[in-house]
Every structure is written in structure tokens, then in C-alpha cells.
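Notes for the one structure printed next.
Remember, predicted model here, so these are calculated numbers, not experimental data.
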Amino acid sequence: MRLDRNTFLSIAVMALFGLMLVQAETFLGDYQIYIVKLIFINAILALSLNLIYGFTGMFSLGHAGFIAIGAYVSALCILSPEQKEMMWILEPIIWPFSTLFTPFWVSVLAGGAVAALCALVIALPVLRLGDDYLGIATLGFAEIIRVVIVNATPVTNGSLGIKGIPGHATLLSCYGWTLFTLIVLARLVFSNFGNVLRCIRDNEIAARVMGINVFCYKVLSFCLGAFFAGIGGALLGTHLSTIDPKMFNFLLTFNVLMFVVAGGLGSLTGSLLGAAIITVLLEWLRAIEEPMNLGFVELPGIPGMRMVVFSLVLLGIILYRREGIMGTRELTWKSLGTLFGRGKQ
Amino acid sequence: MSLDIFLQHFFNALTLGSLYALIAIGYTMVYGILRLINFAHGDILMVGAYFVFFGTFAFGWPWGVSALLAVAGASVLGIVVEKAAYRPLRDAPRISALISAIAVSFFIESLAVVVFTGQPRPVLQPEWLVSEWQLGGVRILPLTAFVPAMTMALVVILLYIVYHTKPGLAMRAISKDIETTRLLGVKVDNIIALTFGIGSALAAASGIMWALRYPQVHPYMGIMPGLKAFIAAVFGGIGSIQGAVIGGVTLGFVEIMTVAFMPDLSGYRDAFAFVLLVLVLLFKPTGLLGESMEEKI
């Protein structure tokens, strides 16, 4: 790899940011750290959906399913056999899962791998569909995955969910996984592979005429997206320490879609920005659900108001700024350079 | 399985299927014209059911009056949604309109949580609909006959509107070619609004009867019926009213009869529709009646 000035700068910034995070506990409270971790996890989820939808143009609404698979597989891997025996009270856990016990990073990768495998099974029939049919079919698959999780009690503990997942997802490891996702996707998207994906997105027929095996590339992109969604799900599980089937409903997919749309379809840095801004906004909106004192008048809190504002924001974005924050542009050193040092070029 | 139990399942399936059919018609009409999956359709169903709840409980109106007002209110809501969220995006990529539809759906749901609170509420059932009938050895609720009969009546009215009136002709024309229809002097926007109004009215009718059948209302009650009804519309061939009815009834029978004959599968009930969808899309993506273009409205 050629180490030019921009790559060097990027590595320096990533390292600096990492160093800052090592010291984060000295200047951030527990709640802020919780939010920062959530931002990293959401960024992974947004990046993975952006690969599928933003770069390849496959409108998939099945993300929650892959996230659920990642979360469940990694939780099964990471819990100790004793914990599992205690928790499965409805039906005892069946054999291969009861003895499974792996380190954190293996379980996260396993979550991603199983999600990718499921994606492969789903992709073969579904990816022949286009546009909104694809959306509905993937949504259907996510729903099927959820129903299976509820009913496969000997493996997933059914509707009780899994509690007490050890919190291995520290700030630094979340950051590490986000970097891993970002670098892998950036290398892919800005290679010839990425060009092919964009070509499929912009004009599938043209891609086919040029001799590209469209279906093969679509399956690859879909599985890769699912892989990272699984990783994100695994981190989400250890971050929250509790998972249950109700968590992985359509609302989760909607949230991830929101990050991607707000950030800009087909922009990696856009996804990062979108995830960060929307996550902070969502937390910040909690304020309007609590009673507010404006000095002269006491406003009662309105529970549920958060989601109203949230969906209005998405509606506003789609109606008035369809391309999101970044559009398909990327935040690069060059664009930053032109932004700040106009004279130089 | 004895005959009377089978008959009970049969009527249950027919009821559920009719409810799906009514919702599916709205999806299929909107999709036929705008090629848009109206995600908010299921939520309009929910709003319709809530209108009846408030009409009967808060204002003490008789059930029939509340139901009529609720249907009218819901169709106004459908028209407003179209005007606010879909019309500005008519020339945008189709997926943008779809995301807008998802956003509207979540907006209506979360607003319902704020306004109506998230708690499920019991619904008043008119006496004459829930006093059991004895037919031989079979006990059935009048409700299970009322819902299919009502559905039949509404479908007949709808088919009359679509095939024997001027606005219906305009609807069918728009679904063929929106630009040419506009050039011929049809006020396309008004016809589209009318389509949304009719679709929403049918959804509300279904929602009201849904609330009778499963006697409670809550803000998320529309999501699952909505999704499943869309699947029914795809199964029957999207764009075709007759297809939507056939698809809805089929889905109702699949759900009820599978559970009736294989009780072990009852936990997977919600997944049947999606399995059906995947099978349809794999083997006949146009659905049962999707190919004959004349049928599309």
C-alpha cells in the first residue's frame, strides 16, 4: 500500500482519536460513554446497510433480522455454560449450544459469519426481485427470523430473551470494530468491486450488458452487509447486556435506515455522521419527554413524543433534502482542504 | 376433526380473510396507480378503529353512527397523507416515496401513542353481533357472517365505482398511463386523492370490524394486518381488485386452517404469510391475476 500524505493523515487521526478514547473515562461520565459506544455500534449498522442500499441499490428492509442473528449467536457463544443452564428455565438448552464458550472477538465474528450465511440463504431467492418487492420480501424474512427466535426456545430462550451478557464491548473495542468495518468497506467501495456495485445501482441493465455477473455481485454485497450487521448486532447485545426478540422489530430497521438516509446514500463518511447525529438527537429528544420548566410556565412531559419528532425529522429529510447530509460525496482530506484553505489549490 | 368444529374454523377463516381482503384492496389500488406501497395504510386502519372507540365511549354515539363517521374521518386522513407526504415526491425515485411512506407510518403510530396512550383499550361490541346463533350443532357468532357479508357488499360497490363510473374510468386510465390521462383533461391529482380516500375508507371499515372480532384497540394494531394484507395483494396479483379479494381470503384460510390442522405450528402463525409471499415471488411474481393487464386499476 502506498503511504501518501492523506493516508498518513487518516491513520494519524484514527490513532489520535483512539488515544483520546483511552483517556475518555477521565473526562466523560458513564452516560456519555454509553452514548459514544452506541454511536459506534450504530455507525457499524449504518455502514453495513449503506453497502447494501446506498452502494448497490438493493432496498433491503431486513436489517433487524441480521442484527438479531448476530446478537443471539454471539450471546450464545459468550455466555458461560453455567449461566446458560441457569437462564433457560422454560426448556433446557440443547447440546452444542450449551457447551459453547468462546472469547469475545471470536463470538463477534461468529455472529457476523452466521448472519452472512443466513443472508446467503435469503439472497438466493430474494435478490432476483427489484425495488420495493425486495424491500417487502426482506422485511418478511426479518419477521420470519424473529418468529423463529421466539419459538426456538431450546436455543434462544424464547420470548424471555437472554440476560446478563458480559459487557465486553468496551469503548475501545467498539471503536476498533467500527474502524475495522470502515476500513474494510472503504477499501472495497473504492476498488473496482465498488465501481461495479455503483454501476449496478445506477443502471443494472448497462451493467449486465457490459458482462458483469450482476446477481453474483449483488449476493456478495448483500452477504457482506449482513456480516457487518451481525457484528453490529453482537456488539449491541453485549453493550445492552440484555436481548429479547421484541427488540429486533421493524423499528430497529427503520432507525438504521434513518441513519443512512440522513447521512447520505452511498457515502461512508455520511453514514458515520448520520449515525452520530441521529443517535445524539434521539438521546437529546428524551428531554422533551420530561417535564420542562421554562421559568414562567411548567410544561408537563409527553411520553412518546420522541418518536413523533423523530419520524417528522425523517419525513422532512426525505421531502426537502433527499440526498441527506453528504449526498454521495465523501468527506476526504481533499474536500476538507478546499473547504478551509481555499487559496491553496 | 368433526364437522361442526371444521365449520367454526371455516367461518373464522372467512372472517379473517374478508378483513385481509378489504385492507388488501387499498394497497392494490394505490400500487396500481402510483407503484407505491402505502405503508401508512395499516395505520389508517388503526385510526379508524380508534375513531369508533371514541365515538362510542367518549361521545356515546350508537355504534353504526360512529362507524360511518370513522370511515369518513379515515378517508380524509388518507387524502391528507397523500397530499402531504406522497404528492411532493411524485417525480422522485420510487424508493424515496417508499421511505416517506414508512416515515408517515411511524409518525401516525407514535402520534397515536401520544394521543391515545399505548394501552390497549376494550371495544364496545353491539349486542346483535355477538349473541350466538345455533345452526344445527354449530354455534357461530353473527359477527362471522356479518363481516364477510359486509365485505361482499363493499366490494360490489367498489367494483361498480371502478368499472361503471367516470372517476373509475379515470382511475383505470391513470394506472395505464398517467401522462396521457393528464393530457386527456383528467384532473389526475384529484383522482389519485379519490383513490386514497376510497382505499382508506375500506381500510377503516376493516379496522372497525377487526376491532369487533378481536375486541380491543391499540396503536400498533395496524402493522401486522397491514403487512399481511399487502402480501395478500401481491399474492392475488397487485393492481387487481379481484386478486386482492382472492388473496385476502386465501391468506385467511391458510392462517386459520394450518393452525387448526397442525396446532404445533400455532407459534409460527405470523410467519405463514411471509412464507407464502416468498413462495409467490419465487414461482409467480405477478401473482394470481397479475398478468391480465386489463384488470389493473
Side-chain angles (χ1 to χ4, degrees), chain A residues 53 57-59 61-62 122 124-126 128-148 150-153 158-159 249-251 253-255 257-258 260-261 265 289 302-320 322-323, chain B residues 31 35-37 39 84-89 92-118 219-220 223-224 227-228 230-231 233-234 238 264-283 285:
Chain A
Y53 178 29
M58 296 181 285
F59 188 64
L61 291 176
I122 293 171
L124 294 178
V126 166
R128 302 193 181 275
L129 307 167
D131 288 354
D132 33 15
Y133 276 102
L134 178 65
I136 289 290
T138 45
L139 174 61
F141 264 111
E143 209 54 44
I144 292 174
I145 289 172
R146 207 168 61 87
V147 172
V148 169
V150 172
N151 286 287
T153 318
S159 51
N249 55 13
F250 185 48
L251 187 64
T253 307
F254 176 66
N255 277 354
L257 184 66
M258 172 95 185
V260 178
V261 172
L265 290 164
E289 295 194 357
I302 312 164
M305 206 54 201
R306 195 160 75 105
M307 288 313 296
V308 177
V309 178
F310 184 56
S311 43
L312 275 183
V313 169
L314 179 62
L315 204 55
I317 292 175
I318 206 72
L319 287 181
Y320 297 109
R322 220 179 307 145
E323 69 276 18
Chain B
Y31 197 93
R35 302 280 178 276
L36 164 75
I37 300 173
F39 258 92
Y86 303 151
R87 190 169 297 179
L89 292 172
R94 271 166 58 198
I95 298 297
S96 298
L98 189 56
I99 295 174
S100 175
I102 297 174
V104 169
S105 159
F106 274 97
F107 175 69
I108 297 178
E109 279 158 25
S110 43
L111 195 66
V113 171
V114 170
V115 178
F116 306 140
T117 74
Y220 298 111
I223 300 178
M224 260 299 157
L227 278 176
K228 286 180 184 171
F230 178 74
I231 291 169
V234 173
I238 198 124
D264 291 344
L265 289 178
S266 59
Y268 292 93
R269 203 184 127 166
D270 280 345
F272 294 160
F274 296 106
V275 174
L276 186 71
L277 171 78
V278 173
L279 291 179
V280 171
L281 291 179
L282 278 182
F283 295 111

- Query: In terms of heavy-atom proximity below 4.5 Å to chain B, should A:L257 be classed as side chain, backbone, both, or neither?
  - Reply: side chain

- Which of the residues A:V309, A:L314, A:I136, A:L319 is involved in the greatest number of heavy-atom pairs with chain B at under 4.5 angstrom? A:I136

- Query: Quick one: what part of A:L251 sits under 4.5 Å from any heavy atom of chain B, side chain, backbone, both or neither?
  - Reply: both

- Item | Structural part of B:A97 lying under 4.5 Å from a heavy atom of chain A | neither

- Query: Is there side-chain contact between A:L315 and B:V104, with heavy atoms separated by less than 4.5 Å?
  - Reply: yes

- Query: Which region of B:V114, side chain (C-beta onward) or backbone (N, CA, C, O), has a non-hydrogen atom less than 4.5 Å from a non-hydrogen atom of chain A, or is it both or neither?
  - Reply: both

- Task: Could you look at A:V313 and say if it's the side chain, the backbone, both or neither that has a heavy atom under 4.5 Å from chain B?
- Result: neither

- Part of B:F272 within contact of chain A (heavy atom distance under 4.5 Å): neither

- Note on the structure: Heavy atoms of A:V147 and B:Y268 approach each other most closely as CG1-CA, 3.7 Å

- Query: If you take all heavy atoms of B:S96 and A:I318, which pair is closest and at what distance?
  - Reply: O-CG1, 3.6 Å

- Item | Contact origin within A:V150 toward chain B - heavy atom pairs under 4.5 Å | neither

- Task: Please examine the side chains of A:F250 and B:I223, heavy atoms only from C-beta on, and report whether any two atoms are closer than 4.5 Å.
- Result: no

- Could you tell me which portion of B:L111 (side chain, backbone, both or neither) has an atom closer than 4.5 angstrom to a non-hydrogen atom of chain A? both

- Message: Please classify the contact of B:V275 with chain A as side chain, backbone, both or neither, using a heavy-atom distance under 4.5 Å.
- Response: both

- Message: Using the ring centroid of each side chain, check whether B:F274 and A:F141 are separated by less than 6.0 Å.
- Response: no

- Proximity breakdown for A:Y53 and chain B, heavy-atom pairs closer than 4.5 Å: side chain

- Query: Of all of B:V234, B:I231, B:V113, B:L277, which one pairs up most often with chain A through heavy atoms under 4.5 Å apart?
  - Reply: B:L277

- Take the angle between the ring planes of A:Y133 and B:Y31 and call it parallel below 30°, perpendicular above 60°, tilted in between. perpendicular

